[in-house]
Each structure stands twice: as structure tokens, then as C-alpha cells.
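Just so you know, these numbers come straight off a predicted model, no measurement behind them.
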Amino acid sequence: MPNERLRGAMDAANLTKNGLADKLEISTKTVERWITQGRCPHPSMRLKVAKELDRDETYLWPELLAGSRSANASLSELVQIWPTRPEVPHEVWRSLMRQATGRIDVLVYAGGFLVESLDFVNVVKKKAAEGVEIRILLGDPECWEVKKRAKEEGLRSLPQRCKSTFEYLEETMTSPNVQIRIHQTPLYNSIYRFGDSMLVNTHSYGAYAAKSPVQHFQKVRGGRLFTYYMDSFEAVWELGKSKLV
């Protein structure tokens, strides 16, 4: 497609194809290809053209915005962020659980607050009965990674909490829609996916998960963040085992 924006900017600057080519020290045929064939120059040349015509590169070559559109879509996925997990209102958790359709996916080490404060066992039973597919990944209490995290956070009870959460949720596995696996991977983020919504609890060295930020994402067409975290979940899921030894 012809680049009418470039042609118009040259007219406004009172520059012919020959005139722009002379200023840029290139051939007139190159400028002509930019205009008539819609060719896009390499970055350094685009910058020179933009300066000569006093226009933004993205105005002259709007196709450069393709990456920006993806970035904007990803930014629109972020609904909210809370400085710590306790600052996420319980009603937000409950609302996401109620509204979840299709799938619920959870990646944690212990996630004790789910069963202790949010009645997660009954949520899993109810949602599974409604046909929602539920996958839960819990930390292996005997693995080095969980014990290492317990030492880093000063939370010696973490291995036992992993085991307790599994015992709480074990009864839900009678449903064909519920799968629970045990993993031994480093946990960089706790992931809670409820349908097309997701809460991601980031982790930092020496800090409890409860004291770390939580981001709320909503799946948006063209966005990359929701998919990015789900890819991480799937990678851990493939490594998980189905029984707690």
C-alpha cells in the first residue's frame, strides 16, 4: 500500500523525492519505494526521515504501533494491584470464585488462607458439581524448595501447612472435575485463576507471601500477561505428581 502519510509530510515540508533523497544521501528510488510500495526503512533511517519532516516515526509508519497495541492490551489486563495479600478484600476472592466458569487453577505452596478463611473446600465441591474443571498445585512438604522457602521466610511450619492444605482438599478429589498435584518447583508467584480472571501473588526473598503484592488480571484479547502466567502454571502442572508421599 502507498504511504500517503509520508507523501503528505513531504509535501508539507516542500520536499520532493529528489530533495529528501539528497538530504538523506540515499537514492531517489529508495524514497520512491517508501512512498509507492509502503516500504519501511531501518530504524536509524526512520529517525533521520522523521527529523527532516518534523513528524513522529509512528505517524509516518503506523505499522510500528503493532507492538504498542499489544503492550496496551497487556496493560489493560491489569485491573488492580494491592501492596499485600491481606489487603485484597475477601469479597474480591469470593466474587471471583462465584463467577468462575470453565476452569479454576491454583498454584501455591500451602495456600492455607484459602481453606482457613475463604471456605475453599466447599467452593471446590460446589464448582466441581457445576462442571468447572479445577486443578490445584500444592508444594511437596518434603522437598528441598519448600524447606528452603520456610527457612528464608522464617516460617518453619510451611512444610506442615502444605500437608494440612492437601489433607483438607483431599476429600474433593472424589469429583472427576478436581485434580490435585504436588510440585517441587521454586515458587516465584502464587497463581489463582478463576475463569478469565486471575490473582497473582508475587514473592520476594525473605518476605512472606502474605506481605507481598497481589495483581488482579482480566483476560483481554491481544494481551500477554494472563497467558504468560498460565504458561508458567502449565509448566509446573506437567512436573507435578498426583500423590503426597
Does the side chain of [Y] come within less than 4.5 Å of [X]'s, by heavy atoms?
{"X": "His216", "Y": "Leu96", "answer": "yes"}
{"X": "Val121", "Y": "Lys125", "answer": "yes"}
{"X": "Ser232", "Y": "Asn189", "answer": "no"}
{"X": "Leu137", "Y": "Ile191", "answer": "no"}
{"X": "Glu152", "Y": "Tyr205", "answer": "yes"}
{"X": "Leu114", "Y": "Met97", "answer": "yes"}
{"X": "Arg7", "Y": "Pro2", "answer": "yes"}
{"X": "Lys17", "Y": "Met10", "answer": "yes"}

Could you tell me whether [X] and [Y] make a salt bridge, using a distance below 4.0 angstrom between a side-chain N and a carboxylate O?
{"X": "Glu91", "Y": "Arg98", "answer": "yes"}
{"X": "Glu234", "Y": "Arg135", "answer": "yes"}
{"X": "Arg149", "Y": "Glu145", "answer": "no"}
{"X": "Lys241", "Y": "Asp140", "answer": "yes"}

What are the two closest non-hydrogen atoms of [X] and [Y], and how far apart are they?
{"X": "Ala110", "Y": "Leu158", "answer": "CB-CD1, 4.0 Å"}
{"X": "Lys147", "Y": "Pro141", "answer": "CE-O, 3.8 Å"}
{"X": "Val178", "Y": "Ala128", "answer": "CG2-CB, 3.7 Å"}
{"X": "Leu187", "Y": "Val108", "answer": "CD2-C, 3.8 Å"}
{"X": "Val132", "Y": "Asn177", "answer": "O-CB, 3.4 Å"}
{"X": "Ser197", "Y": "Gln218", "answer": "OG-OE1, 2.5 Å"}

I'd like to know if the side chain of [X] reaches the main chain of [Y], judged simply by a donor and an acceptor atom lying under 3.5 Å from each other, with no hydrogens or angles considered.
{"X": "Glu77", "Y": "Leu225", "answer": "yes"}
{"X": "Thr172", "Y": "Leu169", "answer": "yes"}
{"X": "Arg193", "Y": "Gly195", "answer": "yes"}
{"X": "Ser212", "Y": "Tyr208", "answer": "yes"}
{"X": "Lys127", "Y": "Ala100", "answer": "yes"}
{"X": "Asn201", "Y": "Ser190", "answer": "no"}

Same hydrophobic cluster for [X] and [Y], using side-chain heavy-atom links shorter than 4.5 Å among ILVMFWY?
{"X": "Tyr228", "Y": "Met198", "result": "yes"}
{"X": "Tyr188", "Y": "Phe226", "result": "no"}
{"X": "Tyr59", "Y": "Leu6", "result": "yes"}

Audit row: Arg161, Glu116, salt bridge (Lys or Arg N to Asp or Glu O under 4.0 Å) steps and yes/no: CA-CA 11 Å; Arg161 288 176 64 80; Glu116 295 163 4; 3.5 Å; yes
So how far is it from [X] [atom1] to [Y] [atom2], rounded to the nearest 0.5 Å?
{"X": "Met173", "Y": "Ile136", "atom1": "CE", "atom2": "CD1", "result": "9.0 Å"}
{"X": "His90", "Y": "Leu118", "atom1": "NE2", "atom2": "CG", "result": "5.0 Å"}
{"X": "Asp11", "Y": "Thr16", "atom1": "CG", "atom2": "OG1", "result": "10.0 Å"}
{"X": "Ser117", "Y": "Arg94", "atom1": "OG", "atom2": "CZ", "result": "8.5 Å"}
{"X": "Ile26", "Y": "Leu20", "atom1": "CD1", "atom2": "CG", "result": "6.0 Å"}
{"X": "Arg181", "Y": "Trp237", "atom1": "CZ", "atom2": "CH2", "result": "4.5 Å"}

Let's go through Val92 and Trp82 carefully: what are the C-alpha distance in whole Å and the side-chain angles of both, what is the deciding distance for side-chain contact (heavy atoms from CB on, under 4.5 Å) to 0.1 Å, and is it a yes or a no? CA-CA 12 Å; Val92 169; Trp82 294 271; 4.2 Å; yes
Partner residues of Trp93 under the ring-ring contact (aromatic ring centres under 6.0 Å, His included) criterion, sequence neighbours left out: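 Partners of Trp93 by the ring-ring contact (aromatic ring centres under 6.0 Å, His included) criterion, ordered by chain and then number, come out as Phe113, Tyr192.
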Mind checking what makes ring-ring contact (aromatic ring centres under 6.0 Å, His included) contact with His183, not counting sequence neighbours?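 For His183, the residues satisfying ring-ring contact (aromatic ring centres under 6.0 Å, His included) (neighbours in sequence not counted) are Tyr109.
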If the plane angle is over 60° it's perpendicular, under 30° parallel, otherwise tilted; pick one for Trp34 and Trp61.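 Perpendicular: the ring planes of Trp34 and Trp61 meet at over 60°.
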Just jot down the side chain to side chain contact (heavy atoms under 4.5 Å, CB included) partners of [X], sequence neighbours excluded, or say none.
{"X": "Thr227", "answer": "Asp231"}
{"X": "Gln215", "answer": "Leu78, Ile81, Thr202, Phe217, Tyr229"}
{"X": "Glu25", "answer": "none"}

Let's go through Ile180 and Leu138 carefully: what are the C-alpha distance in whole Å and the side-chain angles of both, what is the deciding distance for side-chain contact (heavy atoms from CB on, under 4.5 Å) to 0.1 Å, and is it a yes or a no? CA-CA 8 Å; Ile180 300 177; Leu138 300 172; 4.2 Å; yes
Between Ser157 and Gln160, does any side-chain donor sit less than 3.5 Å from a side-chain acceptor?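 Gln160 and Ser157 do not have a side-chain donor-acceptor pair below 3.5 Å.
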Side chains of residues 36-51: which donor-acceptor pairs under 3.5 Å do they make with residues two or more places apart or in other chains?
from, atom 1, to, atom 2, distance (Å)
Thr36, OG1, Glu32, O, 2.8
Gln37, OE1, Arg39, NE, 3.3
Gln37, OE1, Arg39, NH2, 3.1
His42, ND1, Ser44, OG, 2.9
His42, ND1, Met45, N, 3.4
Arg46, NE, Glu57, OE1, 3.1
Arg46, NH1, Pro41, O, 2.9

